[in-house]
Amino acid sequence: MEKNTVLLQDTEAFMRGELDNVTVQQNSVVLDLVQGSYVPYGCYTSAPLPMPLFDALRVSWNAAAPEGTAVEAQARVMVDGNWTQWSSFGKWSPYLHRESPPYRERGPVQRWPDSLQLDSKCGTAVQLRIYLYTKNEKVSPFVMLLGVSVRMVDVIPAHGRPINARLHLMPYALARRAPVLRPWMDMAIALASLTNRWGADLLPEEFAQVLRDWRPADDCDPRNLSFAAAAAAQWGFPTWVAYGNLGLLRAEVRAGYGAAVMLQAAPAQVEAGLPERRCVAVRGFTTEGGTPQVLLCDPCAGENDFDCETAMPLDEFMVAWDNVALLMRQRKTNTPPLGRTRCSTWIRPLGSEAPGVYRLYINGTEHLLPDDFCAEGGVLACSLPDEHPHATTAHRHFTFVEPVQGGVELAHGDTPRKYTVYAIDTAGRMIVGDVTV
């Protein structure tokens, strides 16, 4: 691990901190259990973490937060020998309309939605804490990872040993994904690119729902890296945010991991249609042709999925990159998803009263889709078999639709066709089923 990044993720590391109404079990922090019931809230506070001189930090957490529970990560920094006040990064759970805090300036600290920056001052240490909440005495959230990464000052960037290597990541085009989630879909695509190479077969829309920041629109980026790390962990993939350099990215690729990064577009690229900032997945490096290049899965690069496998001159990449990376590790075979599972559904026609409308049934019970399912943030889509099989489900062609009379309207063709219907709610839970029409 880089010396500017600290991850607390096992019993030994957590036990060095202060436990208030929480305990450590199976490498995770959970609420105390008293006479068979979990206490309503508790807090874990880390020991002070000495750091190289820094001027910005980012916090990451991986937690399981079942319905009725939530977690809230906070941080403070040592400046001129004194601790600043605690800064919160917002309550988080897949089941909340989770919001990161708005920009705020207090003393030397500028708190952005997913980071802290110091103005004219430098920090020397960090302390983390995370609150656990539950409204259900029988259920507790549990925290498997709590991490911090700082941006060091007065340090010569390390480029690392040059490498010629490419990873087989899955490319997905932004243009083919759900339009309603587009402002932060590129980040969800980057996560899907990293996880699906390990056989996860997840849709970017599933990630986009769980990492969505419901903060009211403001001048800050709608993409929240802390929420993205927490979202990836819902499917069992340890993920965190780190400040790094070219040496870090090369080391990740050399180890076979890849990374998600944010790039700032040049004025000419903005005029050509690229967004000012976009999230991409780094899939390798090459020196073919004599010019060092970074290999990317860039969801904004084309209309078709495999047009998104691009190469960018290294010098141009270093100008565009903000030296922040989302890093991921493969989930262990014995690690189940943290509640983000799919539910199968039977799909049956409504009948003569509404020709072409089909409703969903779960365990024999009708599951009506509210009229405002999509207006409230849900995603409803259907797909037909393509001419050739795809490496992942996300490569299929999707048609995004609205609910009709509690179900979905499917067009009849000249010959029977098998539709697959997907309904993804704002917690990332997906109901999926097939029907021949």
- Test side chain to side chain contact (heavy atoms under 4.5 Å, CB included) applied to Ser100 and Asp114, step by step: CA-CA 7 Å; Ser100 58; Asp114 61 353; 6.0 Å; no

- Task: Start with the C-alpha gap between Val282 and Leu295, add the side-chain angles, then the distance that decides, and say whether side chain to side chain contact (heavy atoms under 4.5 Å, CB included) holds.
- Result: CA-CA 6 Å; Val282 177; Leu295 304 177; over 6 Å; no

- Message: Before you tell me yes or no, could you show the steps for Val77 and Met51 under side chain to side chain contact (heavy atoms under 4.5 Å, CB included), namely the whole-Å CA-CA distance, both residues' side-chain angles and the distance that decides it to 0.1 Å?
- Response: CA-CA 10 Å; Val77 301; Met51 290 289 190; over 6 Å; no

- Item | Steps toward side chain to side chain contact (heavy atoms under 4.5 Å, CB included) verdict (Ile130, Val29) | CA-CA 10 Å; Ile130 189 163; Val29 178; 5.6 Å; no

- Task: Given side-chain hydrogen bond (donor to acceptor under 3.5 Å, both in side chains), test Asp434 with Thr420 step by step and report yes or no.
- Result: CA-CA 4 Å; Asp434 297 327; Thr420 303; 2.6 Å; yes

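Residue Leu181 holds its CG atom at 5.0 Å from CD of Gln209, rounded to the nearest 0.5 Å. Expressed to the nearest 0.5 Å, how far CE of Met328 lies from CG of Leu191 amounts to 5.0 Å. Put simply, CG on Leu211 and CE on Met187 are 7.0 Å apart, with the number rounded to the nearest 0.5 Å. Of the inter-residue distances, the one linking Glu137 atom CD with Leu33 atom CG reads 10.0 Å to the nearest 0.5 angstrom. If you take CG on Leu57 and CG on Leu116, they are separated by 4.5 Å, rounding to the nearest 0.5 Å. One distance of note links CD of Glu402 with CG of Leu369; it measures 11.0 Å at 0.5 Å rounding.
Sparse packing is recorded around CG of Asn363, with 12 or fewer heavy atoms of other residues, nucleotides or ligands lying under 6.0 Å away. Atom CD of Gln264 is surrounded by more than 12 heavy atoms from other residues, nucleotides or ligands within 6.0 Å. Within 6.0 Å of atom CD in Glu353, more than 12 heavy atoms from other residues, nucleotides or ligands are found, so the atom counts as buried in its surroundings. Residue-environment remark: NE2 (His97) exceeds the threshold of 12 foreign heavy atoms within 6.0 Å. Annotation: Phe400, atom CZ; neighbour count of heavy atoms from other residues, nucleotides and ligands within 6.0 Å is above 12.
With Asn196 contributing its side chain and Asp201 its backbone, the two residues share a donor-acceptor pair below 3.5 Å. Checking side-chain atoms of Asn224 against main-chain N and O of Ser226 turns up a donor-acceptor pair under 3.5 Å. Thr134 contributes no side-chain N or O that, together with a main-chain N or O of Ser140, makes up a donor-acceptor pair within less than 3.5 Å. Looking only at distances, a side-chain donor or acceptor of Asp305 sits under 3.5 Å from a matching main-chain atom of Ala173. Looking only at distances, no side-chain donor or acceptor of Gln405 sits under 3.5 Å from a matching main-chain atom of Tyr358. The closest donor-acceptor contact from the side chain of Arg98 to the backbone of Arg212 lies under 3.5 Å. The closest donor-acceptor contact from the side chain of Thr11 to the backbone of Asn27 lies under 3.5 Å. Listed for the Glu205 side chain is a donor-acceptor partner under 3.5 Å among the backbone atoms of Ala178. Although no hydrogens or angles enter the test, the distance criterion places no donor-acceptor pair under 3.5 Å between the side chain of Trp346 and the main chain of Gly364. No side-chain donor-acceptor contact under 3.5 Å links Arg250 to the backbone of Asn245.
Here the side chains of Val437 and Arg417 are not in contact, with every heavy-atom distance at 4.5 Å or above. In this structure, Phe54 and Tyr243 have side chains that are not in contact, with every pair of non-hydrogen atoms separated by 4.5 Å or more. Counting heavy atoms from C-beta outward, Tyr133 and Pro141 have side chains that stay 4.5 Å or more apart. By the 4.5 Å heavy-atom criterion applied to side chains, Ser115 and Arg151 are not counted as neighbours. With a 4.5 Å cut-off on side-chain heavy atoms, Gln234 and Pro94 count as touching. A heavy-atom distance below 4.5 Å is found between the side chains of Leu146 and Tyr44. Contact of the Leu380 side chain with the Val421 side chain is registered, since non-hydrogen atoms from C-beta on lie closer than 4.5 Å. Taking 4.5 Å as the limit, some side-chain heavy atom of Pro299 sits within range of a side-chain heavy atom of Val280.
The two atoms that bring Phe373 and Pro403 nearest to each other are CB-CG, 3.8 Å, heavy atoms only. Shortest non-hydrogen contact noted between Gly406 and Arg359 is O-CG, 4.1 Å. Closest of all the heavy-atom pairs between Ala75 and Phe89 is CB-CE1, 4.0 Å. Here the shortest heavy-atom pairing between Thr436 and Pro416 reads CG2-CB, 3.8 Å. Contact detail for Asn62 and Pro238: the closest heavy-atom pair is OD1-CA, 3.4 Å. The minimum heavy-atom distance between Trp83 and Ala125, with the atom names listed, is CZ3-O, 3.9 Å.
Ion pair Arg429/Glu67 flagged as a salt bridge, since at least one NZ, NE, NH1 or NH2 atom sits closer than 4.0 Å to an Asp/Glu carboxylate oxygen. A salt bridge is defined here as a Lys NZ or Arg NE, NH1 or NH2 lying under 4.0 Å from an Asp or Glu carboxylate O, and Glu206 with Arg342 meets this definition.
Glu366 and Tyr361 share a side-chain donor-acceptor pair at under 3.5 Å. Under the 3.5 Å distance criterion, with hydrogens and angles disregarded, no donor-acceptor pair is assigned to the side chains of Thr69 and Tyr38. A donor-acceptor pair shorter than 3.5 Å cannot be found between the side chains of Asp219 and Tyr103. Side chains of Gln74 and Tyr131: a donor-acceptor N/O pair is absent below 3.5 angstrom, by distance only.
Ring planes of Phe227 and Trp61: perpendicular class, angle over 60° (limits at 30 and 60°). Below 30°, between 30° and 60°, or above 60°: for His395 and His390 the angle between ring planes is between 30° and 60°, a tilted geometry.
No option in Arg277, Arg278, Arg223 other than Arg223 meets the salt bridge (charged side-chain N to carboxylate O under 4.0 Å, His left out) test with Asp186.
Within the 6.0 Å centre-distance limit, the rings of Phe398 and Tyr422 are counted as a close aromatic pair.
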